[in-house]
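Here the structure comes first, spelled out in structure tokens, and everything after it is commentary.
We name chains A, B, ... by the order of the sequence lines, and we start the count at 1 in each one.
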4 protein chains.
Amino acid sequence: MMNRVVLVGRLTKDPELRYTPSGVAVATFTLAVNRPFSNQQGEREADFINCVVWRKPAENVANFLKKGSMAGVDGRIQTRNYEGQDGRRVYVTEVLAESVQFLEPKNSSGNTGGGGRSNDFYGAPPREPQGSSYGGGNQNQRQNSNQGFTRVDDDPFAGSGQIDISDDDLPF
Amino acid sequence: MMNRVVLVGRLTKDPELRYTPSGVAVATFTLAVNRPFSNQQGEREADFINCVVWRKPAENVANFLKKGSMAGVDGRIQTRNYEGQDGRRVYVTEVLAESVQFLEPKNSSGNTGGGGRSNDFYGAPPREPQGSSYGGGNQNQRQNSNQGFTRVDDDPFAGSGQIDISDDDLPF
Amino acid sequence: MMNRVVLVGRLTKDPELRYTPSGVAVATFTLAVNRPFSNQQGEREADFINCVVWRKPAENVANFLKKGSMAGVDGRIQTRNYEGQDGRRVYVTEVLAESVQFLEPKNSSGNTGGGGRSNDFYGAPPREPQGSSYGGGNQNQRQNSNQGFTRVDDDPFAGSGQIDISDDDLPF
Amino acid sequence: MMNRVVLVGRLTKDPELRYTPSGVAVATFTLAVNRPFSNQQGEREADFINCVVWRKPAENVANFLKKGSMAGVDGRIQTRNYEGQDGRRVYVTEVLAESVQFLEPKNSSGNTGGGGRSNDFYGAPPREPQGSSYGGGNQNQRQNSNQGFTRVDDDPFAGSGQIDISDDDLPF
DNA sequence: TTTT
DNA sequence: TTTT
């Protein structure tokens with residue numbers, strides 16, 4: 001079994017950063033990736049691909065990427081489903097980003113870091129100790145707009161039963 | 001802009017083969033790809049990823065793959081949306097397979113081809129001459145079950161306006 | 001069988017453009033791709049990956065990329081071997097780029113193209129009619145430096161016996 | 001910067017397992033990946049791609065794969081260079097496998113594991129505690145042939161100065 | 001509404 | 001309901 005995705009595209013809007021009850025960061029964003037060909041009308045279309053990223057890279061995404069930023073994603077396709085507001089089952093296919101690469105030029109706004117600073121947000125360590133850092137570690141360079149960030153369940157993909165949070169808290 | 005997907009998994013059921021009004025083959029199938037880790041309950045979960053493939057490789061998929069077959073896919077993520085039966089917009093994310101690889105052992109059922117036969121269905125040539133081969137080229141090894149196959153619009157992804165076919169004809 | 005590579009990195013020097021005797025363009029370049037981690041000395045190392053691209057995208061690479069350009073490559077790993085000058089067999093592993101993406105910001109030097117111009121060089125059509133365009137189609141935006149470009153065999157990868165050209169003509 | 005490789009092919013011979021002086025396992029093997037097209041002579045050629053894998057997955061590779069096994073690799077391209085026996089610098093391009101997938105059918109030899117056993121060797125944890133497990137953990141299912149395995153430097157890729165081992169100890 |  |  002193999003499952004690998006690589007994307008390069010532009011954020012359709014600012015990323016959204018949330019935290020699980022135990023304090024794990026999760027960011028969601030949508031990449032617009034232009035197709036390499038034109039349709040019959042001669043127009044270049046794009047695919048709009050929903051992405052999710054966890055933990056430290058999630059905070060990096062929230063801090064360094066914004067609407068229009070060009071970014072690269074290396075990850076996997078994940079599918080999940082949940083009960084929609086009308087009782088119907090909703091199926092979701094999205095990309096779980098294992099690393100996100102900031103592909104803007106150095107002279108871009110916000111990226112004033114000196115010299116050797118690296119531009120990729122790598123990792124998603126499998127078992128970071130959780131729970132203590134709730135709401136911490138958020139001293140952002142670009143002040144993140146979702147102050148009063150909302151909580152999400154520890155695993156938004158699981159859709160596992162008794163979640164004490166509203167649908168609005170789920171990524172997408 | 002880059003968009004690349006590689007998958008290896010098993011078909012959740014037999015692939016479905018359809019033809020556009022102009023006779024272009026399109027096959028759809030779902031790959032179950034087991035995740036490389038277990039969840040909190042110690043269970044191995046899977047992602048169920050919808051795939052589409054066009055033209056000759058579509059017919060190969062229909063002829064050589066079936067429920068449970070292990071297959072590899074090399075392609076791109078595509079998104080599209082259409083008006084659901086209840087008037088709401090439905091968003092779809094799926095994999096456009098550019099090549100499909102048959103990964104079953106040679107001693108598997110149905111695969112009795114001699115010697116140097118290759119197992120990958122490659123191609124999706126951008127501009128095959130269309131229209132003449134409608135319903136042709138379907139002399140299947142495994143007799144395809146959707147005799148009386150249905151028609152789909154030339155580009156099921158486009159969702160472009162005046163389609164004279166029902167929703168049931170669309171892939172997925 | 002599957003073989004897929006996706007790279008994003010920077011050209012270590014200007015690409016080199018050559019033509020086969022029958023006039024098919026081939027460009028070679030090396031991408032420096034920084035590793036996502038530091039070594040024991042705390043230094044970020046890079047991998048230097050040789051790439052080859054054919055036909056129209058080769059000319060695009062020669063025209064739009066130069067030393068330091070950030071580029072994305074989608075392709076395959078290819079291996080070949082040839083008899084070295086000392087009689088020993090030399091083994092080469094390189095990336096055959098099927099598409100190359102120009103990832104520089106629009107305000108970069110040389111990229112003054114208006115509006116909707118696309119930045120990816122896609123294609124490598126399997127069987128373009130050959131032979132007539134020898135040395136043609138080279139009206140470059142950035143004047144290509146290897147005027148007096150050399151000829152290479154129709155398939156530099158094959159290393160197949162009786163080649164009437166010197167080693168210098170081989171890509172790498 | 002991005003660097004991703006996905007391969008599916010067959011081992012050209014049994015994998016080789018070695019250990020660093022501090023006891024870290026490293027396995028090397030070559031994958032033959034058939035090309036998806038034929039050459040001018042109508043023959044299907046293959047690429048022979050050298051792969052390296054570390055730690056636990058290395059031992060799994062040595063235990064479960066052998067010449068002819070079909071395997072999938074998800075990893076990165078790495079380049080390194082070293083001083084050859086004749087004083088010339090030798091450049092190496094190989095694939096660092098981050099996970100290896102066993103793609104043989106269940107009825108294959110050696111794979112008699114019961115029920116839910118998973119077939120992928122995943123991980124390459126960045127910083128496993130080293131040094132204590134030297135020579136341990138080698139209770140192989142298929143008895144590994146390189147008894148009297150040799151030692152390699154902790155990082156064969158680094159080529160970093162004072163190595164007290166011969167060239168033969170290096171992977172490849 | 002899923003594969004082995 | 002989308003990026004440049």
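In the set E:dT2, F:dT3, F:dT1, F:dT1 carries the atom at the smallest distance from any side-chain atom of A:Lys13. Side-chain atoms of A:Phe48 lie closest to F:dT2 of the nucleotides E:dT3, F:dT4, F:dT2. When each of E:dT3, F:dT1, E:dT2 is scored by its nearest atom to the side-chain atoms of B:Asn50, the top-ranked nucleotide is E:dT2. Distances from the side chain of A:Thr30 to the nucleotides E:dT3, F:dT2, F:dT3 place F:dT2 closest. The listed nucleotides are F:dT4, F:dT1, E:dT3; the one nearest the side chain of B:Lys67 is E:dT3. Nearest to the side chain of B:Tyr91, among F:dT1, E:dT3, F:dT2, sits F:dT1.
Summarising the geometry, the separation between CG on A:Leu31 and P on F:dT1 is reported as 14 Å, rounded to the nearest angstrom. Atom pair A:Ile49:CD1 and F:dT2:C1' shows a separation of 12 Å (rounding to whole Å applied). Distance, A:Met70 CE to F:dT3 C1': 9 Å, rounded to whole Å. Taking atom CD of residue B:Glu104 and atom C1' of nucleotide E:dT3, one finds them 11 Å apart after rounding to whole Å. At whole-Å resolution of the value, CG in B:Leu103 and P in E:dT3 are 19 Å apart. Atom-to-atom, CZ of A:Arg35 to C1' of F:dT2 comes out at 14 Å; the value is rounded to the nearest Å. Regarding B:Glu43, its CD atom lies at a distance of 16 Å from the C1' atom of E:dT2, rounded to whole Å. Rounded to an integer number of Å, the gap from A:Leu11 CG to F:dT3 P is 11 Å.
The base of E:dT3 sits within donor-acceptor range of the side chain of B:Asn34, with an N or O pair under 3.5 Å.
D:Arg4 has its side chain out of reach of C:Arg4: every pair of non-hydrogen atoms, C-beta onward, lies at least 4.5 Å apart.
Among the heavy atoms of the strands lying under 4.0 Å from A:Met1 is at least one base atom, whether or not backbone atoms are also near. A:Gly68 comes within contact range of the sugar-phosphate backbone alone, with a heavy-atom separation under 4.0 Å but no base atom that close.
In the model, A:Asn81 has a side-chain atom that pairs as donor or acceptor with a side-chain atom of A:Arg89 under 3.5 Å.
Without hydrogens or angle criteria, B:Arg35 side chain to B:Arg44 main chain gives no donor-acceptor distance under 3.5 Å.
Taking every heavy atom of both residues into account, A:Leu11 and A:Lys66 meet most closely at CB-O, 3.5 Å.
Taking the charged nitrogens against the carboxylate oxygens, D:Arg10 and D:Glu104 do have a contact shorter than 4.0 Å, which makes a salt bridge.
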